[in-house]
Every structure is written in C-alpha cells, then in structure tokens.
Amino acid sequence: MIRVTAVHPDSIAAELGLEEGTELLSVNGRELEDFLDWEFLTAEEEFVLHVRQPGGEEIEFDIERPLGEPIGVSLEPARIRRCANRCDFCFVDGLPDGLRDVLYIRDDDYRLSFRYGNFATLTNLKRKDAERIIEYRLSPLYVSVHATDPTIRRYLLRNPTAPEIIPQLREFADHGIEFHTQIVMSPGVNDGAVLQQTLTDLYEFGPAILGCSVVPVGLTEYSKHHLVREPRAEECRAAIALIEKQASIAKHQRGIHWAFGADELYVRAGVELPPPEIYDGFDQVENGVGSVRWLQQRIETAGGELSGWEGRRIGVVTGSAMAQLMPMVLEPLTRSTGAIFDLIPVVNTLFGSSVTTAGLLPGMAIQKALSGRSDLDLALLPGESVNDDSLFIDSMSFDVLTHSVPFEIRLSHDFADVLHIPVAA
Ligand code: SF4
C-alpha cells in the first residue's frame, strides 16, 4: 500500500476523486509496495486501480488515459532500506551527536541507487528485490564494490554474510542491467594488489560495468580512527598509477577510459587533475569524480550567458577540499563574468577540520565566515549544502542565513545555474 500525500489539480487523480490520505492498494491485482511499483505498473494506457479512500471505502477504477499523461498524485516517501553492514569508515559513525534523526539512518537502498544514483552494496537484497530489479530493469545501478575478493569485501563491510559481488552482478548483467561501480579505498586493506585485482576483475566482467571510480576513505573527528585511517600521499599516487594503467587498457580496447580517481584522490596525492576527456560522460560527477573538470566545462559552455558582472565582487563559499582546486574554476569564471571572485574556504566546525566536503558545511560556520563582509555583492554557496527543506546539516535554515548578511546569497551547483541571473540592484 502507498499513501497519497497530494493530488494535483486538474489531473486524472482529481477527476477520480482521489485525495490526500487515499491508499493505493493494487494495480491489475498486484499489490503496491512503493514508488517503483506505482511507476512501472501504471505505465500502461489501461489498468485497474484498487484504492481505499480515507473514509474506508474501497473502490476499483478502470483507468484509460493517453500514454504519458501522469495520474497526478504525490506519494509518501518510501521507507528507506537499512544497511546490513558496519563499515569502519561509515560516515554515520563519524557524525557528532545531536543532529537530525534522519542523518543517522544508514541507507543502502537499490531503489535510490536506480533513482538518484546513490551507491548501494546490494548486501541486503532479498530474492524478491533481485526479481524486482530484473523485472523492472532497474539500470544502471550504482554499486559500492570496494573489493571483489569476498573475504576482503566482507571485512571492509564488517558483514560476514555479504554475498559474493561478482556472481550477484552477473545475474543482473545477464538480464541487461548495467552498473557504475565505486571502490572506497581504505589503505592497507583494499589498496595495492587488492585494488589492482578488483579493477581487473570488474573490467574483465565485461561491458555491463560501465566504469569504476576509486574514492579515498574520508573520516571525521568522530570516526573509528583506531580501526581505519585516511590514505597518505604516496598511497594515493600508487592508486592513481593503477587507475591510469587500467584506463589506458580500457581506452585501447573499448574506446572509453572506464577507471577514474576521485578529485580528492588527486588532491591527496598532490598530483595534477587529469584532462576532462578522461571522465567519459562524467557519470560519477556526483561522487566527486571529475567535479572540477565538469565545472570548467559548464562555465565554458555557458560562456556569454554569464556576462554583466563587471566589477562586482562575488564570494564563493566552499570546503577546504575544493578550495585547493577552486582557482582552476574561478579563472574561467572571471573571464566569462568580469566579476571579482573571493574564495571563502570554510573549516567544518561540526565534523572537524578533516571533513573538507562543501556539501557538509554547517550553516553556523558559513554564517561566521560571511559575517562582517559588507564588501560583497553576492555570495555563492554549494547547492548541496542544504536539504530539500533548505536546512544545513546543523539544522540552521538558509532563510536565517540570508537574513543575517547585507548581500544576496545564492545556492549554486555549477555557477552557470545562477550567474545568468543579474544581482538585484
Ligand atoms: S555500506 Fe558501510 S558506509 Fe554505507 S551506510 Fe552501510 S555501514 Fe555505512
């Protein structure tokens, strides 16, 4: 059963008399469990929908509608699938106390992997889930592999019953499912020869694995430092050498680069970022893989749309990881806009200075960094630093922040998305 949270005006649902609180029970006799069932089972032109209205009345509708016309309901969010692992590097273990409850949920959900590109380990799949992945052809999936050696993977996931990943992927691949994969690299565990083997196994698996990124393990002040550590520069350089070797084989054999290192891996290694063409289609940019090159491309493409900022001063708030790379982005941005950019790196006061990701910056730390800045015409914040309710990770609201400074603040994902709009006079 899925509960309706809103009915869109002038929609099929409104015409049928569905309302907030209506329970969607089944389509063509098949019970509905979540948004996936709803979307896939109602994809036909004609179907029978069985509902229970908030008053308890059960009704069956024979629905006939032009293909593609939405039914017009919003659904309650699906219950998140909990993770079956206990990785030493788990970000949830690295959270301080007192944050919003939802942040402490360890999610590992193949549905979110398909829908939003969240990485999932697939260790909590039941047979029914596997059948749904195949039936609904949920592809591509984003999969955290970490290591193909089952013993090492189980150790990394702290899950002695984790199924072997290669046969698991094989079953799905045989039904046409494709994968983007990642390896979170924990030094001394899955780097070196293990990394080499994992890259080789995943590449040799065949074209169903579209690519593989290597991301260095990231810890906070509260993480389990007695069990796991971040990689040193030379370990990151060794990983880059393996990635680039695999990428060169893939380029030669398949015409794609296939293996990528996260930007953070290059920063830690002290090695210059590779050129944009090595990221294939930037499929893992949300995972911090090729972010800088992607931003540069976005700015180049937007070009003339960004003009009109001559002489204006724009503050760019970022975490310390990106701060090192941001000059590479601000240079083309200055050329395109004519503005003067001030980089404002913010230290993460909530998680500790080792957490350098811009998306995890607390609102309080940003507010402190911007206080006293009366010289700015505009400040740009990383778009991912607030959630759908416009709250920062420390629950401060974006609205409160904007009212505490004398200039406009905009949330931006790639600069081009907000700098085509002139600042208010
Ligand atoms: S898979 Fe590991 S890192 Fe991800 S939520 Fe589970 S325990 Fe945490």
Side-chain angles (χ1 to χ4, degrees), residues 77-97 99-126 129-130 133 138 141-166 168-169 172 179-191 194-195 198 202 212-231 262 264-265 284 286-289 348 350-352 354-357 359-360 384 387 393:
R79 275 170 56 115
I80 300 291
R81 292 292 176 93
R82 303 300 171 107
C83 174
N85 315 311
R86 298 294 291 186
C87 310
D88 292 338
F89 52 79
C90 183
F91 190 75
V92 173
D93 287 329
L95 293 175
D97 292 338
L99 302 179
R100 294 190 297 280
D101 287 351
V102 67
L103 294 169
Y104 297 99
I105 297 175
R106 289 170 210 264
D107 68 280
D108 194 8
D109 196 322
Y110 68 95
R111 300 167 303 175
L112 306 185
S113 171
F114 168 67
R115 171 52 53 81
Y116 302 114
N118 295 8
F119 278 90
T121 66
L122 309 182
T123 53
N124 56 356
L125 292 190
K126 300 194 169 53
D129 300 319
I133 289 173
L138 304 184
L141 290 176
Y142 289 74
V143 181
S144 287
V145 172
H146 304 332
T148 47
D149 179 302
T151 309
I152 296 170
R153 187 166 191 257
R154 285 174 190 140
Y155 174 83
L156 280 158
L157 297 173
R158 296 279 178 185
N159 180 350
T161 60
E164 286 193 37
I165 189 70
I166 291 290
Q168 204 177 15
L169 295 182
F172 295 132
F179 315 95
H180 295 288
T181 59
Q182 77 158 349
I183 296 166
V184 173
M185 188 182 91
S186 180
V189 185
N190 63 342
D191 58 348
V194 178
L195 178 60
T198 301
L202 293 178
C212 179
S213 66
V214 179
V215 182
V217 78
L219 305 175
T220 79
E221 236 172 52
Y222 306 91
S223 297
K224 298 173 177 171
H225 290 272
H226 56 294
L227 296 172
V228 60
R229 66 172 172 84
E230 292 178 339
E264 173 92 17
L265 192 70
Q284 293 208 29
E286 303 281 339
N287 200 21
V289 180
N348 198 315
L350 193 61
F351 296 98
S354 64
V355 173
T356 54
T357 313
L360 295 172
E384 62 278 18
N387 68 5
I393 195 136

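Remember, it's a predicted structure, so these values are computed and weren't measured experimentally. Computed over heavy atoms, backbone and side chain alike; hydrogens, waters and symmetry mates excluded. Both counts, for ligands and for their atoms, begin at 1 and track the order of listing.
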Engineer: For ligand 1, does Asn85 get within less than 4.0 Å through its side chain, its backbone, both, or neither, judged by non-hydrogen atoms?
Structural biologist: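 Both of them.
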Engineer: Please verify the inter-ring angle class for Phe179 with Phe172; under 30° counts as parallel, over 60° as perpendicular, anything in between as tilted.
Structural biologist: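 Tilted: the ring planes of Phe179 and Phe172 meet at 30° to 60°.
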Engineer: Where on Cys87 is there a heavy atom closer than 4.0 Å to ligand 1, on the side chain, on the backbone, on both, or on neither?
Structural biologist: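 Both of them.
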Engineer: Among all protein heavy atoms, pick out the one at the shortest distance from atom 4 (Fe) of ligand 1; state its residue, atom name and that distance to 0.1 Å.
Structural biologist: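 Checked against all protein heavy atoms, atom 4 (Fe) of ligand 1 sits closest to Cys83 SG, 4.6 Å.
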Engineer: Cation-pi check, Arg153 to Tyr155: give yes when NZ or CZ is under 6.0 Å from the six-membered ring centre and within 45° of the ring axis, no otherwise.
Structural biologist: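 No, Arg153 and Tyr155 do not form such a contact.
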Engineer: Does the ring center of Phe89 lie less than 6.0 Å from the ring center of His146?
Structural biologist: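 Ring centroids of Phe89 and His146 are less than 6.0 Å from each other.
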Engineer: Which ligand 1 atoms are under 4.0 Å away from a heavy-atom of Thr121?
Structural biologist: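 Taking each heavy atom of Thr121 in turn, ligand 1 has 1 (S) under 4.0 Å.
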Engineer: Under a 4.5 Å cut-off applied to non-hydrogen side-chain atoms, are Val194 and Asp191 in contact?
Structural biologist: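 No. Closest side-chain heavy atoms not under 4.5 Å.
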Engineer: Could you tell me whether ligand 1 has any atom less than 4.0 Å away from a heavy atom of Val92?
Structural biologist: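 Heavy atoms of Val92 never come under 4.0 Å of ligand 1.
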Engineer: May I ask which of Arg106, His146, Arg86 has a heavy atom nearer to atom 5 (S) of ligand 1 than the others do?
Structural biologist: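 Among Arg106, His146, Arg86, the closest heavy atom to atom 5 (S) of ligand 1 comes from Arg106.
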Engineer: Between Thr121 and Asp108, do the side chains contain an N or O donor and an N or O acceptor separated by less than 3.5 Å?
Structural biologist: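 Looking only at side-chain atoms, Asp108 and Thr121 do form a donor-acceptor pair, the distance falling under 3.5 Å.
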Engineer: My question is simple, although I want it checked carefully: is atom 1 (S) of ligand 1 less than 4.0 angstrom from any protein heavy atom?
Structural biologist: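 Under 4.0 Å from atom 1 (S) of ligand 1, at least one protein heavy atom found.
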Engineer: Can you check which of Cys90, Gly94, Ala162, Ala120 brings a heavy atom nearest to atom 8 (Fe) of ligand 1?
Structural biologist: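 Minimum heavy-atom distance to atom 8 (Fe) of ligand 1 goes to Cys90.
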Engineer: Indicate whether any N or O donor in one side chain lies under 3.5 Å from an N or O acceptor in the other, for Tyr110 and Asp129.
Structural biologist: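 A donor-acceptor contact under 3.5 Å links the two side chains.
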